[in-house]
Amino acid sequence: MRNELVASDVTVVGGGLAGVCAAVAAARLGKKVALIQNRPVLGGNSSSEVRVWVVGATGHGVNRYARETGILGEMFVENNYTNPEGNPYYWDLIVLEKVRQEPHIQLFLNTDVHEVEAAGDETNRQIISVTGWMMGSERRIRFKSPVFLDCTGDGLVGFLAGAKYQIGREAKQEYNEAWAPEVSDNITLGSTLLFYTKDEGRPVKYIPPSFAKDITKTAIPIKRVLNSGDSGCFYWWIEWGGDEDMDTLHDNERIRDELWSVIYGIWDYIKNSGKFNAENMTLEWVGSVPGKREYRRFKGDYVLNQNDLEVQTQFEDNVTFGGWSIDLHPPEGMYASDYTSKHFHSDGVYQIPFRSLYSVNVNNLLFAGRNISATHIAFGSSRVMGTCATIGQAAGTAAALCVELHATPRELYRKHLKQLQQTLLWEDASVIGVKNEDPTDLSRRAEVTASSFVRRLSVEQADEAFELRTDVGFIVPVDPKLEKIELLLGASADTTVEVQIWDTGRAENYIPHLLQAEDNQAVAQGEKQWVAFNLPWEPDQAQNAFVVIKENPKVTLYMSNKPMSGVLSFIKEKALAVARNMESLNHEQPVVKWSMKRVARKVFNFRLSNDTLAFAPAKIIDGYFRPYGGPHMWISEPLKGKEAWIALQWEAKIEFREIHITFNDDVNEDLINLHHHRTEFEIIPELVKAYRIERYENGQWHRFIEVKENRQRKRKHVLEHPVRTDRLRVVAEQTNGTPFAEIIEVRVRS
């Protein structure tokens with residue numbers, strides 16, 4: 001046996017997506033990081049050991065422009081290209097590579113932390129070190145650092161350090177939550193095992209093990225949908241262990257055995273009952289590590305609760321966002337006689353405050369993942385891995401700043417909050433509604449011009465017809481005003497069409513809120529007629545308009561199959577679509593009622609009568625780097641084989657060494673790691689593929705950076721030597737599919 005000491009700036013315990021993103025975030029800020037994982041692979045529940053889909057704020061396409069950016073966003077976009085089939089082992093490699101690319105990270109796999117040295121009374125604790133045992137290597141390693149992050153999920157490090165925590169459901173009176181029980185209890189969400197199947201192309205027999213459960217003696221065949229070809233997260237409902245007489249941590253082995261018995265019993269039913277076309281099917285993989293949903297939740301200076309999600313509380317210390325529905329399951333799990341998961345969707349994404357990411361009583365402890373400071377009800381949303389990952393990036397960034405500024409997390413909140421938020425923006429983190437106000441960004445002082453930009457917003461290519469048998473809508477940016485909107489319509493008989501303009505209420509929301517204008521126009525019988533509607537609206541500030549076209553069975557709309565950035569289409573669905581009748585959704589919630597799933601990447605044909613500034617060159621320095629009350633990007637006129645450029649000019653020469661460019665990767669596109677669904681493309685078409693950066697010198701433009709095969713959203717160019725110039729431009733030579741050059745942001749710093 002060997003005893004070792006590892007001294008770092010930041011120690012991250014837990015190598016799930018929260019821990020990975022925390023470690024990478026801190027390392028990118030120059031801090032030495034120890035990342036400790038008790039499994040042989042990274043990724044936690046998303047890894048090949050468990051194989052849970054990584055879902056997040058998009059809510060499988062319910063929320064608009066909600067896909068995570070930053071470190072997780074990089075992994076999503078790369079996975080879409082390198083792993084289009086959704087191979088779990090390739091996803092493992094994506095996560096591992098993300099860590100190995102950072103020279104400041106020391107990775108310790110197969111290392112189980114089970115000792116914590118801490119000092120102080122219960123209100124003022126300080127972690128000194130944690131100690132882990134590296135399995136298979138007989139190495140006992142003690143880790144010391146000024147700051148620690150508990151990303152273990154179960155919260156073992158914080159527990160051993162004496163951090164305050166909660167298990168189970170809070171009573172209603174504690175936070176006045178509508179869904180909370182009258183009396184607190186120990187009920188949690190249960191754990192899940194998954195399995196994969198495959199078609200061997202020939203008959204395969206299956207003899208169940210002795211412990212396989214006869215599921216015909218349970219409610220499973222009656223209450224669940226079973227298909228021979230399904231696998232993976234289609235069986236998310238194979239869940240158990242959350243009831244009050246169970247403990248998802250200490251009963252982990254018992255829970256695993258019960259889940260195994262059900263999986264092998266389900267497969268016996270599918271293979272041998274004669275009710276399924278499964279003769280050639282076989283089990284390819286069965287999980288052995290239960291995917292745990294819930295255990296400890298730490299207490300921070302703020303406890304996120306149901307009310308915050310419902311009203312989308314605006315936090316001064318907003319550091320990331322969530323958007324998955326509040327998603328709670330019956331404590332009996334798969335044996336529940338009436339199994340429906342209970343859902344509530346906010347009107348859009350909600351903010352998560354920094355105060356929920358550090359301990360109320362352990363001074364140098366931050367946490368990220370499902371163990372943050374949240375009630376059981378709020379945790380029902382924040383627990384999903386996409387959100388856990390962005391929380392990890394926020395917490396890792398905070399940890400690096402705590403080290404740099406010699407501050408505790410609480411002091412960081414009180415004295416350096418703006419620096420934390422601005423640092424997150426530099427790193428393309430998933431933050432909504434925070435504006436770039438960093439004085440070190442030299443681009444903010446520049447004048448911006450471009451070769452062209454989209455002034456007249458229209459989508460005129462008609463690829464398919466759509467019968468107006470329900471209300472439909474679309475989002476368009478209003479900057480600075482609307483006058484008339486023309487729609488391409490057909491009518492089976494003379495009729496009248498009603499169109500309305502609504503605002504969206506909040507800049508992060510994409511639902512009709514308050515009526516602003518409406519008009520009715522007569523439409524004669526015939527096909528493909530442009531009809532103008534008078535819809536004047538000039539809001540106090542640029543924002544989105546939700547255009548509603550009211551139901552009329554006599555009318556046909558036309559749609560383009562080519563998307564237009566800044567424009568989204570919606571259908572007001574009359575029927576409630578749920579996942580296999582196992583989800584309890586409220587159809588009256590606007591984001592559920594107004595769905596974009598059937599019209600994703602399609603646009604109703606329209607044209608605006610007046611010019612727009614929504615895509616003007618100056619948008620790249622307006623401070624926002626994702627859609628927020630407008631697209632916030634420069635879009636050129638169609639390239640048509642030519643180049644497009646955008647330039648920054650200063651009154652005097654500046655000196656710089658870094659250029660950051662953020663390209664449009666369409667954060668409305670719902671990506672996922674193991675491909676619950678797949679995109680039609682491997683690279684986001686809106687991304688610029690080939691570009692160069694030029695500086696102006698002696699009356700000519702000189703290129704000094706050139707990229708030919710870009711497939712990333714955020715590109716950082718760090719120069720070996722400083723450059724002095726008063727003019728700089730980015731030239732887009734080619735895109736990955738869209739006809740426009742689209743750039744969200746350009747940043748420059750010395």
Side-chain angles (χ1 to χ4, degrees), residues 6-44 46-47 54 68-79 81-83 90-111 113 130 132 134 141 143-152 320 366 368-369 385 388-404 420 423-430 657-658 660 662 673 711-720:
V6 174
S8 305
D9 296 317
V10 177
T11 299
V12 179
V13 186
L17 293 185
V20 165
C21 291
V24 171
R28 287 182 177 179
L29 295 175
K31 300 300 174 278
K32 185 179 178 182
V33 179
L35 174 59
I36 310 164
Q37 164 71 330
N38 63 355
R39 304 298 306 173
V41 294
L42 295 168
S46 78
S47 75
V54 178
E68 293 77 10
T69 54
I71 297 163
L72 177 65
E74 295 166 16
M75 291 192 280
F76 268 156
V77 170
E78 185 64 15
N79 187 69
Y81 174 73
T82 61
N83 185 23
Y90 292 172
W91 172 251
D92 286 351
L93 294 177
I94 294 286
V95 181
L96 179 62
E97 290 274 51
K98 187 58 63 178
V99 170
R100 286 191 167 177
Q101 287 167 3
E102 299 302 328
H104 294 297
I105 296 179
Q106 282 184 281
L107 175 61
F108 299 86
L109 295 173
N110 292 308
T111 303
V113 169
V130 301
M134 184 177 282
I141 309 171
F143 300 89
K144 293 187 69 176
S145 62
V147 180
F148 292 83
L149 282 96
D150 187 331
C151 302
T152 62
T320 190
L366 294 114
M385 283 185 284
C388 289
T390 67
I391 293 170
Q393 182 165 1
T397 301
L401 291 177
C402 285
V403 174
E404 184 173 323
L420 170 60
T423 303
L424 288 168
L425 295 186
W426 272 106
E427 297 301 317
D428 197 32
S430 296
R657 288 192 64 174
E658 281 188 46
H660 294 210
T662 304
N673 63 323
R711 59 175 186 268
Q712 301 173 29
R713 164 186 165 91
K714 173 92 171 186
R715 296 301 299 257
K716 299 180 184 179
H717 297 285
V718 180
L719 308 176
E720 186 175 352

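Given the structure is predicted, the values throughout are model-derived calculations rather than measurements. We count residues from 1, following the sequence as given.
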Please report the shortest heavy-atom distance between M134 and T111, naming the atom on each side.
CE-OG1, 3.4 Å
Go through the steps for V95 and M75 under the test side chain to side chain contact (heavy atoms under 4.5 Å, CB included), then give the verdict.
CA-CA 7 Å; V95 181; M75 291 192 280; 4.1 Å; yes
Run through R713, K714, H660 and flag the one making a side-chain hydrogen bond (donor to acceptor under 3.5 Å, both in side chains) with D428.
R713
For the pair R657 (side chain) and E720 (backbone), establish whether a donor and an acceptor sit closer than 3.5 Å, ignoring hydrogens and angles.
yes
Counting only heavy atoms not in R100, do more than 12 fall under 6.0 Å of its CZ?
no
Shortest non-hydrogen pair, Y90 vs T82, comes out as CD1-O, 4.5 Å
Distance in Å, L35 CG paired with F143 CZ, rounded so as to fall on 0.5 Å steps
9.5 Å
Please report the interatomic distance CZ(F148) to CD1(I36), rounded to the nearest 0.5 Å.
8.0 Å
Under the salt bridge (charged side-chain N to carboxylate O under 4.0 Å, His left out) rule, collect the residues that match up with K144, sequence neighbours excluded.
none
List the atom pairs, with distances to 0.1 Å, where a side-chain N or O of residues 9-18 and a protein N or O form a donor-acceptor pair under 3.5 Å, not counting sequence neighbours.
from: D9; atom 1: OD2; to: K32; atom 2: N; distance (Å): 2.8
from: T11; atom 1: OG1; to: S145; atom 2: OG; distance (Å): 2.9

May I ask you to test the E74-Q712 pair for a side-chain heavy-atom distance under 4.5 Å?
no
After noting the C-alpha distance and the side-chain angles of L107 and L96, does the key distance pass the side chain to side chain contact (heavy atoms under 4.5 Å, CB included) rule?
CA-CA 10 Å; L107 175 61; L96 179 62; 3.9 Å; yes
Quick one: CD on E404 to OG1 on T423, what's the gap to the nearest 0.5 Å?
8.0 Å
Could you tell me which non-hydrogen atom of A26 sits nearest to which non-hydrogen atom of A400, and how far apart they are?
CA-CB, 4.0 Å
Please report the C-alpha distance between E658 and K716 in whole Å, then the side-chain angles of each, then the deciding distance to 0.1 Å, and finally whether the salt bridge (Lys or Arg N to Asp or Glu O under 4.0 Å) criterion is met.
CA-CA 7 Å; E658 281 188 46; K716 299 180 184 179; over 6 Å; no
Value for NZ (K31) from NE2 (H104), rounded to nearest 0.5 Å, stands at 9.0 Å
Heavy-atom pair of closest approach, residues L366 and A398:
CD2-CB, 4.0 Å
Result for side-chain contact (heavy atoms from CB on, under 4.5 Å) between S430 and one of T69, I391, L72 points to T69
With sequence neighbours left out, write down each residue that passes salt bridge (charged side-chain N to carboxylate O under 4.0 Å, His left out) with R715, or none if nothing qualifies.
none
Residue pair V99 / L42: nearest heavy atoms and the distance that separates them:
CG2-CD1, 3.7 Å
What are the two closest heavy atoms between L149 and A395, and how far apart are they?
CD2-CB, 3.7 Å
Not counting sequence neighbours, which residues clear side chain to side chain contact (heavy atoms under 4.5 Å, CB included) with Q393? List them please.
C21, A25, I71, T397, E427, A429
Could you pull out all residues at least two apart from F76 that satisfy ring-ring contact (aromatic ring centres under 6.0 Å, His included)?
none
Going by salt bridge (charged side-chain N to carboxylate O under 4.0 Å, His left out), name the residues that satisfy it together with E78, two or more places apart in sequence or in a different chain.
R711
